[in-house]
Structures are given as structure tokens and as C-alpha cells.
Protein chains: 2
Amino acid sequence: MQQAGRRKKQHTMADVARAAGVSKSTVSRAFTQPEMLGTETVERIAAIAKTLGYVPNHTARALSTGRHGNLALIVTDVANPFFPPLIRAAQMEADGSDFCVFLGNSDENPRQEDKLVDRFVSQVEGLILVGSRLGAERIQHHAGRRPLVLINREVTGIPRVLIDSTTGVRQAIAHLAALGHRHIVYVSGPSSSWANRQRRNALRLAARQHGIEVDVLSARVPSYESGRAVVAELIESRATAAVAFDDLIAQGIMTGMAERGIPIPEAFSLVGCDDVLGAATYPSLTTVSNRSDEAGRAGVTLLLDRLSGRMAGDTRVVLDTHLVVRQTTAAPASGQRRQGG
Amino acid sequence: MQQAGRRKKQHTMADVARAAGVSKSTVSRAFTQPEMLGTETVERIAAIAKTLGYVPNHTARALSTGRHGNLALIVTDVANPFFPPLIRAAQMEADGSDFCVFLGNSDENPRQEDKLVDRFVSQVEGLILVGSRLGAERIQHHAGRRPLVLINREVTGIPRVLIDSTTGVRQAIAHLAALGHRHIVYVSGPSSSWANRQRRNALRLAARQHGIEVDVLSARVPSYESGRAVVAELIESRATAAVAFDDLIAQGIMTGMAERGIPIPEAFSLVGCDDVLGAATYPSLTTVSNRSDEAGRAGVTLLLDRLSGRMAGDTRVVLDTHLVVRQTTAAPASGQRRQGG
DNA sequence: CTATTCCGTGCAACCGGTTGCACGTCAAGC
DNA sequence: GCTTGACGTGCAACCGGTTGCACGGAATAG
């Protein structure tokens, strides 16, 4: 019946108990509440467990305590460079509290996301949803089953971590204004994205305050290709600078400009968002930091606090952002701009 | 706080059984072996379970069957762009078989990797180690506890998936040779990396066959910065082209060259490895594909096959690679000056 | 019409820990 | 010397499913 037989012979608590001449309970307590037992008993059991190579069974423990020491992290797209730092930070933070993390990739698909939650929910103590595409009522529902934390998604009553691009975008506009730009373009990302709405609004507001004219162009999806595709329109707009929804789009724009012989930043200034490329473009990209790693860390902390009952109610952590000035912004060419050939 | 209070009230099999007027066993079988029950019984139970919002408890099931439906994926660095596609593919492949994946990030640290394995091992059916930094004996040891699959790591007797850069590197050399290069540099990655050794050796061999002289420079770590840092030496070498251990290094080199006003590919040709940047550099990078997504998929498949007893012994899956020619390679400048048309 | 299968279902014993409660012992308190 | 309490340990009932086996009734065979 059981194949590959010899591998499975893990020792159980009963084995240790027998070998030590005590009961299961004592062995159990030797591991979980040693202060409750006689010192030498604990030591003896520990020694025997070690020789036997006994390791407590996580699953059994989880079943009786309801505490798995696991949490689920569900993201929309692992391959989007925004996420890896977040995932990494979350994983390490969890690890520091002896938690294991389940990773789910919803592929931007709400149904898939729902399915993942269902699959995970019974083996984790809590969930973190990053940029969830789920409707508010589904999120509420899931939150009713397990402690739930959101990152970059706003649902009242659910603890959440928000990366506030507003501050960074405002700085970007101030920066462009100071350089002398009067007409810029916002290259927008997915309309269903909370971050996109936030950035667009912040940008419009700040631009108005600085007396800068704003056009909005839409890159259908946040990718290098769509950034490159939007360049023609960008040039047509006769703006002198652009702020892109994210760095990927910005990178595409850089290529598109380079292909047309339009030098950045001399003839056109460009600001990205998210700072996922580090300085790894040439010229290096001026961008708004995203602090996604901190968001990941904060998400885990929030969840863990929640689990230990240290925190209740409607927590809302906001991480502000700031502009990282690198080399893609400069004063606009005086009066005229080059025509693409 | 009604919501918080009611949270743990997950329905159990007993609830469903009571509501349906049957026994637990019947409910259990309705989910796991429906063909054993009357059709209308199954339907009725399914309907009731649905209204109640019942979801089987994964942990309890795992305890009695010994089958958790989980697997662990341990990588050295989530943030390295090589991994996300692999992780994504693995996750989706696992998902197709109703498996959940634990993600571990060892941060290039063998001790951390060991620790992760220990933490995961009792709650997964099998493990996948990608580019493991563990010694062979540790790997053997872990493989003795649970089915284990390696990706890009060679340990005899352990099933493994290897991305064979040899084919792609050979094509790269042939390509450079055809363009007329006679002296190139290999910019090496981490010396403990299996992939690095493989690439270096393949390159040397192929170069010899084409009568090309090879220097080796070392970028300490595979990153943009270390690529940029190696440029000075690169120029000093007076080689006309370079093959970098990975795309990140190559990207750094591009920047370093650009900063010195050396145009690529006119004055210097460059080939990356891994194809993690897509075409997202300017000029777009000629590189050796890595197929990391396929490796992830293959790893999961291998493990799952293993678990179902469909496969035994010393499996070794090799994925070959190929050169993707883009825009960073051209004929070397003749003498000191560029050659027109 | 009785004997024999077969089928659908229930019973109860697991899986491997945890934990409330009870019990026995030994020492301090009166 | 007897009571009391603290302390160390064992008993047994969970946690929420799975599964071998038994059982009753209907269908089929004789």
C-alpha cells in the first residue's frame, strides 16, 4: 500500500515515551512546557529524542493546537519585479518568528485568487493579500475565516499596509516644476489598480498647484512593451516630461526615445515609479521609491501582532515614498524640441 | 467585534454530516470517493457543504493520510530575476495537481537553507532545491527524509533538472567567431555556482575550437554593480567582446561602457546569460536563454511523479539552451576605427 | 420463496500530538 | 502527627478527518 516504505519511519512521541519510560504527555511537555517538569526528566527525554532522531510532527501539532506556524502570502504576479523584494522581506520576517510562508500567485485572476485562499486557509494562521483583485465582499468574507492583512488594497475594517505614492509623486512634480517643465504626461497603468488611481490623482493635484499642464496617456498593462508602444503618442503630445506608472513602462519609454534619437534627459525628462530597477538603466532612472520590502515586512508584522492578540481593530499602516533623483530628469530644452525623423 | 469573535467557527465534517442526516464517514467519502456512494447522497452533501461554506481541513486530512499536498521550494534569492519565472511556473504546475507550495529563501546561506529544510520537512511531501548551496552529504541526508528534487545542482542519485548552458554558450561563441572576434572575455559569476563552472568550461572549449583567445575576469557577485565595476579591467584586456555570467552583470557592463562613451555593439560586443531582461535594455541584449520557467515546471513534475511512485532512481532532466541574438553583438571594429557599411 | 451478492452507509479505531484534570508523593505548616 | 499545598506525572478526551470492517436491505440467483 505505502510505497517507498523505509523513508516514512519517522519516530513518534509514543516511541520516545516508551524509551524514556514516561507517558506521551510528559514527552509533549518536555518540548512545549519544560518548566512544568523535573529538570532531569526534561534532559533525559531530550537526550533520548535526540538519539532516536525524533522530530515533532508539525501537522499533528497544528491539528490539536490550531496553530500551524504558517502564513499565506498571495500576490498577483511573482514575476513582476515589484514583488520579489516584498516576498523576500516577508519571508525573512516570518522566518524570524518561526513562521513558514505559503506563496500563492493569482496571475491577476480573481478566481484563482479565491481558489488559492480556499486551499491555503485551513493550513495557515493568517493571510496576506498583496494588491488583491478580489471584490471587497470576498475579502471581508475571507477575513471572517482567518486573520487577514492587505497590502496596497483598501478595505475598511481590514488591517492594511499602504504604500502611499502621494508624497513621492508630489516631490516628482515639484522637481519637474523646479527644472522648468510646464507640460507633462502621466502614463497610466491598469485602471483597476489602487496604486494607479492614487498616483494619477496625486499627480493631477500637485501639477495644478504648480501650474503644470497634465495629459494622461494609457499604457494598457504595466510592461516594457507597452511603455515602448506609448512613445509615439508621447512625442505627439509635445510635453517635455513624463511620469510613468511604473519603472517597467518608463524603461520601455527610454528605449522608444532612444530608438528615435531623442536623448534623455536633454530632450525629454522621465520619472518612473517603484524603483524596481535600482540604478540599472542608462541613464539611470529618476523614480519614486516604493519600499515594497518594507511593506512586506510590515504586512507580516501586522499579521503576527494580530495573531498574538497584540493588536485589534482597524489598523492602517501608511508608508510614504520619496523621489529618487537620478539621471533622467533635467531642464527642458529651451523653447523647442526635436522632431523625430 | 462580532466578526472577530465568530472567526474560528469553521464548519467541520460533523456539521455537514448532521445537517445532511448522515455520518461523518459518508461526508468524507462524498469528497474523496464519491463513486462509492449513491449519486443523490453525494449531491445532497455537496449542496449542503456549499451552503454551509464548508472547506475540508487540510491539516486533519494530512494527519490521517500522511499526504499534505504541499511541497517546498527553496531558492537562493527570490529577488534575483532568474527565480521569479521559475517560482511562478512551479507554483502553477503544483496548483494544477492541487499542491500548495512553501517558498523558502536561503539568501545564499547554507545554514539558512538547512534550517528551512528542517522547518518545512514535516509539512511537505517533497522538496525542491534550486541552485542549492548545501554540501552533497547534507543534500543526501535530506533526500533520505523526503523525496527531493534538485534544480541546477548535480548530486548523483538525486533526481535533478539541469539547465544546460553548454549548447547556448557554444552558439554564442560560434556567433562571435562568425562576426570576426578573436579575443573575448568571460566575466565569471560565483565560483560555487554549478552554472558558472559549466558556462566557463563550455566557453573555453568552444573558444579553443574556434581559435578564439579567452580571458576570464571575475565579477564577485552576479549583480548590476559588479558588472559595472568590471568594465575598467574589461577595456584593459583589449578584447573585442565579452560573455557575462548573467544578464545582470551584462547590464552593468552596458552602463559602464556607455559611461565611457564606448558604443555597444559598434565598439564592443556583449552577450549575457539567462535572458531575464527580455528585450528590456537598449540596445537589447544578445543573450543565452535560460528556460528557468521550464526548469521550475519540470522540477515539480519530477517530484510529483516521484511521489506517485511513477518514477524511481537516478532521473536527470537536461534542458538545453540557445542563443537569442539581439542587438549587442556586431563585427569588431577593424583596428581603431569604425568601419562603415 | 429462500439463499446469495452487492451496494450504500454507519461504527469506531486510528493519525500524532496537546491539555484539563486527577492522582500520588513529599515537605512545610499547625 | 495530621493537614495542606506544591510539584511532577499520567489518563483520557480532544483536534478533524480517513478507512477497514460490519451490517441491513434490495436485487439477483437458484
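Proteins get letters first, then strands, A, B, ... in listed order; numbering begins at 1 in each. Atoms considered below: every heavy atom in the structure, side chains included; atoms not considered: hydrogens, waters and symmetry mates.
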When rounded to the nearest 0.5 angstrom, what distance separates [atom1] in [X] from [atom2] in [Y]?
| X | Y | atom1 | atom2 | result |
| --- | --- | --- | --- | --- |
| Ile74(A) | Phe120(A) | CD1 | CZ | 5.5 Å |
| Phe82(B) | Asp293(B) | CZ | CG | 9.5 Å |
| Leu73(A) | Gln91(A) | CG | CD | 9.5 Å |
| His142(A) | Glu137(A) | NE2 | CD | 10.5 Å |
| Asn105(B) | Leu103(A) | CG | CG | 11.0 Å |

Review point. When you check the gap from the basic side-chain N to the acidic O, do Arg145(A) and Asp118(A) get nearer than 4.0 Å?
Key: yes
Check your understanding: First and last nucleotide of DNA chain C in contact with chain A, 5' to 3', at under 4.0 Å to a heavy atom: what are they?
Key -> dG16(C) to dG20(C)
Point to revise | side chain to side chain contact (heavy atoms under 4.5 Å, CB included) partner of Asp305(B), the single match among Leu303(B), Leu302(B), Leu307(B), Thr301(B) | key: Thr301(B)
Exercise for review: Have a look at Val22(A) and tell me which of Val16(A), Val27(A), Ile48(A) forms a side chain to side chain contact (heavy atoms under 4.5 Å, CB included) with it.
Suggested key: Val27(A)
Study note, to complete from the structure: Heavy-atom nearest nucleotide on DNA chain D taken for Lys24(B) and for Ser25(A); more 5' hit belongs to Ser25(A)
[X] near the nucleic acid: base, sugar-phosphate alone, or nothing, with a heavy-atom cut-off under 4.0 Å?
| X | answer |
| --- | --- |
| Ser28(A) | base |
| Tyr54(B) | sugar-phosphate |
| Thr32(A) | sugar-phosphate |
| Thr12(B) | sugar-phosphate |

Study note, to complete from the structure: Hits for ring-ring contact (aromatic ring centres under 6.0 Å, His included) against Phe99(A), two or more places apart or cross-chain, chain-then-number order -> none
Practice item. Give the angle between the helix axes at the two ends of the helix from dC1(C)-dG30(D) to dC30(C)-dG1(D), taking five base pairs at each end and rounding to 10°. Key: 50°
Exercise for review: List in chain and number order the residues that pass salt bridge (charged side-chain N to carboxylate O under 4.0 Å, His left out) with Asp95(A), two or more places apart in sequence or in another chain; answer none if no residue qualifies.
Suggested key: Lys115(B), Arg119(B)
Enumerate the protein-to-nucleotides 7-9 of chain D contacts in which both atoms are nitrogen or oxygen and the separation is below 3.5 Å.
residue	atom	partner	partner atom	Å
dT9(D)	OP1	Thr41(A)	OG1	2.5
dT9(D)	OP2	Gly38(A)	N	2.9
dT9(D)	OP2	Thr41(A)	OG1	3.2

Point to revise | Pairs satisfying side-chain hydrogen bond (donor to acceptor under 3.5 Å, both in side chains), at least one member in residues 72-81 of chain A, at least two apart | key: none
